[in-house]
Amino acid sequence: MRVALLRAWPRRFDSVEVELPEGARVADALDAAGWSALEGIAGYAIHGRRATPASPLRDGDRLELLRGLALDPKEARRRRAEARPLKKPRR
């Protein structure tokens, strides 16, 4: 079976496709891609759904390596709002 692995950063990404035997797990795909020792990985997802290294894979799956948030989403929104000029209210 073929599985695509994807890891992304702002404005760039890496992807690789690996051939695995039936019954392979996330950890097997990481080993096959040479990505098992990567640092900064906060978790995994298969087609956007949370997965663990023991999660089974199926042919055609897309395994996404998730990185941690650089900034809390609420704080990021607050900073963007503060940086914008205030609009005058409509009458």
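This chain uses plain numbering: 1 for the first residue, then up along the sequence.
Here the CG atom belonging to Leu5 is positioned 11.0 Å from the CZ atom belonging to Arg62, to the nearest 0.5 angstrom. Expressed to the nearest 0.5 Å, how far CE of Met1 lies from CD of Glu22 amounts to 5.5 Å. For the atom pair CD1 (Ile41) and CG (Leu65), the distance works out to 4.5 Å, reported to the nearest 0.5 Å. Atom CZ in Arg7 sits 13.0 Å away from atom CG in Leu66 (nearest 0.5 Å). Separating the CG atom in Leu6 from the CG atom in Asp14 is a distance of 8.5 Å, to the nearest 0.5 Å. To the nearest 0.5 Å, the span separating CZ on Arg25 from OG1 on Thr52 amounts to 8.5 Å.
In Arg2, the CZ atom is crowded: over 12 heavy atoms of neighbouring residues, nucleotides or ligands sit closer than 6.0 Å.
Heavy-atom minimum distance, Pro53 versus Tyr44: CG-CE1, 3.9 Å. Closest approach of Arg67 and Pro10 over heavy atoms only: NH2-CD, 3.4 Å. Residue Ile46 comes nearest to Ser55 through the heavy atom pair CD1-CB, 4.2 Å, listed as atom of the first residue, atom of the second, then distance. The heavy-atom pair separating Leu63 from Ala29 by the smallest distance is CD2-CB, 4.1 Å. Between Gly68 and Ala42, the shortest heavy-atom contact is N-CB, 3.6 Å.
Of the possible polar contacts, none joining the Asp31 side chain to the Asp28 backbone as a donor-acceptor pair under 3.5 Å is found.
Taking the charged nitrogens against the carboxylate oxygens, Arg79 and Glu75 do have a contact shorter than 4.0 Å, which makes a salt bridge.
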